[in-house]
Amino acid sequence: MRKEKKLSLEEHEEDSHDHHHSCSCCHEHEEEHEEEKNWKVLLFRFLISLLFLLLAIFVKTSFAVTILFYCISYLVIAYDIIYKAIYNFFHGEFFDENFLMMLASLVALVVYMVSPDSGIDANDAILVVLLYQVGEFLQDKAVDKSKASISSMLELDVHEVCKVANQIEQIVPLEQVQVNDVLKIKPGDKIPVDGVVLSGNSTLNTSSLTGESKPMDVEKGSKVISGCLNLNGVFYMQATSTAKTSTTYKVKEMIQNASKNKAKSEEFIRKFAKVYTPIVILISLFIMFIPPLLLGFSTNFTNWLYKGLAIMIISCPCALVISIPLTFFSGIGKSAKHGILIKGASYLETLSKVNKIAFDKTGTITKGNFEVVKEEYSNKELAMNFIYSLERDSSHPIATTLTQYFQDRATLLSLENIENIPGNGLIADYNQKKVLVGNYKLLEQYHIPFEKKNEPGTILYVAYDGECLGYVLIADTLKDGVCEDLKQLKQNFVKETILITGDNELVAKDIANKTNMDCYYAEKLPQEKANIISALKEEPQKVVAYVGDGINDVATLLNADVGIAMKSLGSDIVITAADVVLMNDKISQINKSISIAKKTMRIVKENIVFSLLVKVLVMVLEIFLPLPMFVAILADVGVCLLAIANSLRVMYGK
Ligand code: ADP
Ligand code: MG
């Protein structure tokens, strides 16, 4: 069974994950127990097989007894290989690794039985299987351990929480936490579920989620995200999620599912392995029969037969089949540690090839914390009340800023039919008449006469009953370090950077100049943004990434080869639409993710080249030198273990 488990790491991963939540502790024990049993059974088989091998070598009573000892020794260590080879043969996988091993060892054994003096030794056949089994065991262990340690870095590791009800504190299992429960968080605790602080102050370390080491201060009203570490104060929080709807759970689930989304190179290796084995069998048949046919069968047939068998053994493709999915898993794990969620190996692969990258402006390149620079109204009070009452319910960064600004200056009016016009602004009804807040295009659309301002910044007009009541000029600032990050990005990874914004020409040009973008598109509606991305993709050899915050640009995220969402933990639609989700909002995260992707792909290639080279080398050596068969199996196991170790460099390298 071990082989199947290994070849389908993903499924194994998944079901252990499911069990986790029903009964995490006992399942783990069971698994440990199982593993220990496997390991003991294998050791036992190994020793028995070795014992009979020694008996066959040293007890020389009769040939029949020797053969019997060999057969017992062989069957004890090889029965599962034979079983799997036959089982797979009848289930569509004609030539797998087990089949190669079975064929090579069985042929050697049979030849020895038929003609003991032919030069082919039964010891070799058994030694090869013994070494193969040890190698398989080590590979399994290495893969399991690596996957477990990568997963455990992303583990929440909270099992119990302190719940407060009617002033009584009670320790309950994490699974029992419900929305609106009040929880007490002490210093050193991890936040168990998402929530809002009710009372108390503290500082959190968010690095496990965002990869950012800057501590975050929280006070009454602050949102807290599960998985963050509470550094100093005691505080009380109200749960807004359960264990199964928390951010940490979603993140973990996303990582688990990531391996389902296979990279092209992964698929390629799978297909490759399928055609590869028959080819190898053909090659070894050639080596067995062609030289003897040319040189005469009588003298050296067994010599070539032996070489052919050795080639069958060295050619097992396991190093690739095992190490490549593991490399992708490491890459995804490493990214997650830096607060970058990559939703599949295929996106990691695409990310490594990105050569054009387009950015949304608000919230992506700029902070999205607008400042009100200038206001001009014909009816101040009414205008302010309208802006406040409309923007209050919108989630656009502009809205958040304006709501805050007008909170203490305006009063809430009861508006009806509030509607968001993506890329333009908001509309509503007040006393059966239209209220508008948005850019000049919105006013033009409703044929409202107004004086168009030409000032540097985002201009929002407010209109009521067909009349413009004034405007607000707001300005955003660039994110810290964005110029440097974009410079690095262009220097190291991509050819072209592009700004696509719904904001006006003046602002777009200004931001594009400041950040050294290659070109910009201004005043684009959400659908136009998506179309621009499609057009960019049409150019030959272009792999296009789009970075946005998900507000008004979900379609654009979907259209890009890789859609990267920033700062969007709250929004489920954005998380679903994006291929890569950044847990913090720094542009440097994009550089980091491309760099990890490139490293992952480099290691995938290294493993392919390295294992094929070693195999070809050993094959050639086997043909021209009188090397024993077990050298082939040692090379096979060695290459596989080295490839696994190399895969882990993605995770543990710098
Ligand atoms: P970007 O993220 O590139 O700024 P958006 O499509 O989100 O693009 O917004 C484009 C423009 O639409 C904004 O510059 C603004 O003029 C207008 N707009 C969008 N949402 C609102 C809102 N809630 N209130 C007022 N204006 C808005
Ligand atoms: Mg936007």
Side-chain angles (χ1 to χ4, degrees), residues 49-50 52-79 81-82 85-86 89 95-133 135 276-316 614-637:
S49 173
L50 201 62
F52 278 91
L53 180 63
L54 292 175
L55 285 176
I57 295 172
F58 293 111
V59 180
K60 297 280 180 205
T61 44
S62 75
F63 184 60
V65 173
T66 307
I67 290 287
L68 183 70
F69 285 152
Y70 274 131
C71 286
I72 296 175
S73 171
Y74 180 73
L75 286 178
V76 165
I77 199 67
Y79 72 85
I81 298 177
I82 298 173
I86 295 173
F89 191 88
F95 305 109
D96 69 346
E97 211 181 345
N98 297 298
F99 191 84
L100 287 176
M101 279 309 296
M102 180 186 77
L103 198 63
S105 57
L106 216 52
V107 169
L109 201 62
V110 170
V111 169
Y112 172 78
M113 287 181 199
V114 176
S115 77
D117 305 318
S118 65
I120 289 189
D121 201 342
N123 300 339
D124 275 4
I126 292 169
L127 203 58
V128 158
V129 181
L130 281 171
L131 286 172
Y132 174 79
Q133 292 282 31
Y276 169 86
T277 320
I279 291 177
V280 165
I281 292 181
L282 271 182
I283 293 180
S284 32
L285 287 178
F286 263 97
I287 291 182
M288 286 175 196
F289 293 105
I290 300 297
L293 269 178
L294 297 177
L295 306 170
F297 264 95
S298 52
T299 49
N300 48 17
F301 174 57
T302 47
N303 183 20
W304 289 107
L305 180 65
Y306 188 88
K307 287 181 192 298
L309 295 180
I311 285 176
M312 253 184 221
I313 290 167
I314 175 67
S315 61
C316 293
V614 173
K615 280 174 188 242
V616 170
L617 183 75
V618 178
M619 273 187 213
V620 172
L621 289 180
E622 284 279 354
I623 294 176
F624 293 105
L625 298 176
L627 284 183
M629 226 185 242
F630 74 84
V631 171
I633 194 79
L634 279 183
D636 181 55
V637 171

- Query: Do the side chain of S73 and the main chain of F52 share a donor and acceptor less than 3.5 angstrom apart?
  - Reply: no
- Item | Whether Q133 side chain and I77 backbone form a donor-acceptor pair below 3.5 Å | yes
Minimum heavy-atom distance [X]-[Y], with the two atoms named:
{"X": "V618", "Y": "A632", "value": "CG1-CA, 4.4 Å"}
{"X": "P628", "Y": "E622", "value": "O-OE2, 3.4 Å"}
{"X": "Y74", "Y": "M102", "value": "OH-O, 3.9 Å"}
{"X": "M101", "Y": "I633", "value": "SD-CD1, 4.0 Å"}
{"X": "I314", "Y": "I311", "value": "CG2-O, 3.1 Å"}

- side chain to side chain donor-acceptor pair (under 3.5 Å) contacts in which one or both residues fall within residues 122-131, not counting sequence neighbours: Y70-N123, D121-N123, D124-Y306
- Item | Partners meeting ring pair (Phe, Tyr, Trp, His ring centres under 6.0 Å) with F630 (sequence neighbours left out) |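 Ring pair (Phe, Tyr, Trp, His ring centres under 6.0 Å) list for F630, sorted by chain: empty.
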Check: [Y] and [X] side chains under 4.5 Å, non-hydrogen atoms:
{"X": "M113", "Y": "C71", "value": "yes"}
{"X": "I67", "Y": "Y112", "value": "yes"}
{"X": "E97", "Y": "Y132", "value": "yes"}

- Atom CG in L294, atom CD1 in I290: separation rounded to 0.5 Å? 6.5 Å
- Message: So, taking the atom named CE in M312 and the one named CD1 in I287, what distance separates them when rounded to the nearest 0.5 Å?
- Response: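 So the gap between those two atoms works out to 10.0 Å.
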- Item | Qualifying residues under side-chain hydrogen bond (donor to acceptor under 3.5 Å, both in side chains), relative to T66, sequence neighbours excluded |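 Not a single residue meets the side-chain hydrogen bond (donor to acceptor under 3.5 Å, both in side chains) criterion with T66.
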